Amino acid sequence: MTLTSSRSPWAVPAAAGALIAVAAAASFSAGVNPFSSSHAGGGGDAPLALSHVLMTAAAVVAGLPIAVKAVRALRHRTVAIDLLVSVAAIGALVIGEVWEAAAVTFLFSVGHALEARTMTRTRSALAELVAAAPDVAVVLRDSDQVEVPSADVVPGETVLVKSGVKVPVDGVVIAGAAALDEASITGESVPVEKTEGDQVFAGTVAGSGFLQVRATGVGADTTLARIVHRVEEAQDAKARAQTFLERFSAWYTPAIIVLAVVTAVLTGDVVIALTLLVIGCPGALVISIPVAVVAGIGRGARDGVLVKGGEHLEASARIDTVALDKTGTLTEGRPQLTDVVVLAPGLGRDDVLTWAARAEAGSEHPLARPVLAAAHAERLPVAGLPERTEPVPGMGVVATIGGHDVAVGNLPLLAAQGITDDRGAAAEVDRLAALGRTPMVVALDGQVIGVVAVADRVRSGARELVARLHASGVTRVVMLTGDNRRVAEAVAAEVGVDEVRAHLLPEDKLAVIRELQAEGRTVAMVGDGVNDAPALATAHVGIAMGAAGTGLAIETADVALMTDDLLRVPHAIALARRTVSVMRQNIALAVVTVAVLLAGVLAGGVTMAVGMLVHEGSVLVVILNAMRLLRRRDDGPGAVRPVPRSTATEPQPA
């Protein structure tokens with residue numbers, strides 16, 4: 001917090017420090033210890049009188065901003081910590097302890113400056129994000145390249161992105177190719193190749209290549225702007241522990257004042273009473289939480305992990321159960337053809353796949369896409385639509401192609417079509433389902449000719465994700481999916497989750513989250529931020545994957561991971577636990593320091609200046625401890641290790 005909004009936070013302590021130094025020099029020139037009150041009157045000794053005036057001036061310079069803040073707080077019916085220092089300093093001046101008054105106000109102002117400097121340092125992640133926003137853009141207008149402020153780009157315009165410049169808008173590549181550094185958005189250090197149809201984000205940097213981008217988001221509507229807004233809000237949001245400490249200080253401060261008054265009455269020693277006021281300031285205690293929260297959230301923002309606020313950071317540190325959506329989270333969400341089994345004599349693999357693809361050409365079922373994609377990739381003759389397409393709900397599709405009847409679907413579809421001889425299709429269906437694939441039987445003119453199977457590919461980091469979650473202290477990892485149980489269990493076995501819940505509708509996922517919470521568990525739900533919205537909103541911590549470009553996820557999720565990198569999940573949990581650990585360390589240090597100093601004052605031997613010096617030292621230690629969070633950690637169960645795309649392993653079918 002700054003003492004004034006118009007100058008550096010170090011202006012006041014610098015001025016007060018200079019006055020104290022000159023005062024000390026004047027006293028030393030007179031052969032007197034400047035840090036003693038024995039020379040207070042000064043009489044006719046000009047150097048001593050000058051020293052007395054300068055010490056008083058130092059106390060006024062350093063103490064006036066503190067007193068102003070105390071008065072403002074009183075106007076809002078708040079007894080602030082600044083009031084303790086103000087009363088103590090004024091009392092010291094009244095009884096002639098000018099050195100004590102100057103020292104206390106000077107050290108307290110140094111503490112304020114340190115706090116302000118630290119908050120600026122820990123908010124550097126936000127400053128870096130703001131600095132990432134480009135100022136200008138080159139757009140095509142009437143076939144001419146025109147340089148305009150990035151905020152003046154109109155959605156739909158074509159923006160040119162050349163090598164070495166920042167992308168000024170969110171958009172879609174319509175021509176060209178380039179490698180973009182997306183670290184400002186995703187925290188990923190490896191450049192990403194962008195070609196036609198790919199999405200790009202404002203603030204990313206083109207390392208090489210040339211792109212033409214159709215603008216879709218400009219100014220405040222860009223992903224970068226939403227991230228800056230979210231981090232800004234999150235760093236200002238208070239953790240529950242911070243709110244508790246503020247309520248605590250509202251009672252603690254009056255209690256210290258009462259203790260000082262009682263001590264003065266019982267002992268008749270005003271100096272001890274004033275010293276109690278100063279030593280009792282819980283400055284380190286009050287700053288212990290906010291400085292840790294800001295540092296933790298800032299570190300997360302640099303790593304592509306957006307945390308909504310201190311409360312969610314604390315909740316993330318308590319997570320013991322993680323619920324993972326299967327499709328799009330553990331798996332890629334893009335089913336692919338994995339198997340073609342031929343069951344009819346005289347036919348080959350291409351024949352089975354061709355008939356299946358031609359029948360699926362008129363189907364809207366999601367599983368039709370991977371069959372058609374595989375047929376096109378293999379250049380099979382599937383052009384054109386069937387003469388007739390009849391979807392059979394829950395079973396498959398029946399089509400008429402060139403006078404032939406083709407059926408593609410599950411085993412009940414065969415029975416519905418009056419086909420009794422499955423030629424071993426049932427056994428193949430069981431085998432493929434046990435492997436986590438979705439099989440579909442293909443029949444031609446009432447005869448089974450084969451089985452095709454599709455599967456969603458498990459992400460390459462899925463098994464490591466579960467392993468790191470367990471290593472970080474998560475005791476239960478649950479997979480939620482709408483798929484059938486055999487497919488779900490096959491995926492679960494591959495990635496190592498503890499429990500599977502299958503055949504779930506969105507409302508069923510919500511019920512599972514509530515069931516886990518009813519068991520007393522702290523639950524995190526990991527999903528895509530849209531389809532899993534009810535479960536994400538109900539969980540103690542909702543974690544949205546791949547939120548870059550998804551404004552809804554950035555605004556609504558408790559934690560938004562800007563990439564689809566699964567290892568960001570344990571990284572986020574580890575960061576939260578580190579942050580809460582720092583909070584606890586800071587609170588313990590602050591409480592012990594105040595308790596020891598108060599005991600020292602009451603027992604004798606701790607002066608006002610010495611106590612304040614130790615107190616401000618504890619503030620500095622608390623600040624330095626919190627700033628450790630700003631360092632990136634590259635080891636441990638929550639570490640994020642970027643994998644170069646050229647060496648990444650290819651995910652295998654589920």
Side-chain angles (χ1 to χ4, degrees), residues 1-3 9-10 12-21 24 34-35 55 58-59 62-63 65-66 69 80-82 84-86 88-89 92 97 99-122 245 248-249 252-253 256 260 271-272 274-292 294-295 581-630:
M1 65 188 80
T2 57
L3 297 179
W10 290 103
V12 168
L19 289 170
I20 291 174
F35 310 126
M55 284 288 188
I66 301 171
K69 290 185 64 177
I81 295 169
D82 302 88
L84 296 180
V85 177
S86 300
E97 298 283 352
W99 153 243
E100 302 285 9
V104 166
T105 53
F106 169 71
L107 289 172
F108 197 71
S109 66
V110 168
H112 273 290
L114 282 172
E115 182 179 344
R117 176 68 184 89
T118 303
M119 285 300 184
T120 300
R121 171 74 177 87
T122 55
L245 286 179
F248 167 78
S249 66
Y252 175 84
T253 301
I256 290 296
V271 174
I272 291 181
L274 294 176
T275 303
L276 282 174
L277 286 178
V278 172
I279 302 307
C281 297
L285 187 62
V286 172
I287 195 179
S288 61
I289 300 300
V291 71
V294 170
S581 175
V582 167
M583 288 183 193
R584 291 171 179 164
Q585 294 166 12
N586 284 351
I587 290 172
L589 175 66
V591 170
V592 169
T593 300
V594 170
V596 169
L597 287 177
L598 287 176
V601 171
L602 294 175
V606 175
T607 65
M608 187 184 298
V610 170
M612 196 63 192
L613 183 62
V614 173
H615 174 271
E616 291 304 325
S618 70
V619 171
L620 180 59
V621 172
V622 162
I623 288 172
L624 293 176
N625 190 39
M627 290 182 72
R628 292 189 301 116
L629 292 169
L630 294 174

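Just so it is clear, the structure is predicted and the values come from calculations on it, not from any experiment. Residue numbers run from 1 in the order of the sequence given.
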Going by the rule side chain to side chain contact (heavy atoms under 4.5 Å, CB included), which residues pair with [X] if we only count those two or more places apart in sequence or in a different chain?
X: V592; answer: V596
X: R584; answer: V580
X: T593; answer: L589, L597, V614, S618

Heavy-atom pair of closest approach, residues [X] and [Y]:
X: S109; Y: I66; answer: N-CD1, 4.5 Å
X: A62; Y: V12; answer: CA-CG1, 3.7 Å
X: M583; Y: A292; answer: CG-CB, 3.8 Å
X: A58; Y: I20; answer: CB-CG1, 3.6 Å

Test item: M55 and L19 side chains (from C-beta on) under 4.5 Å apart, heavy atoms: no
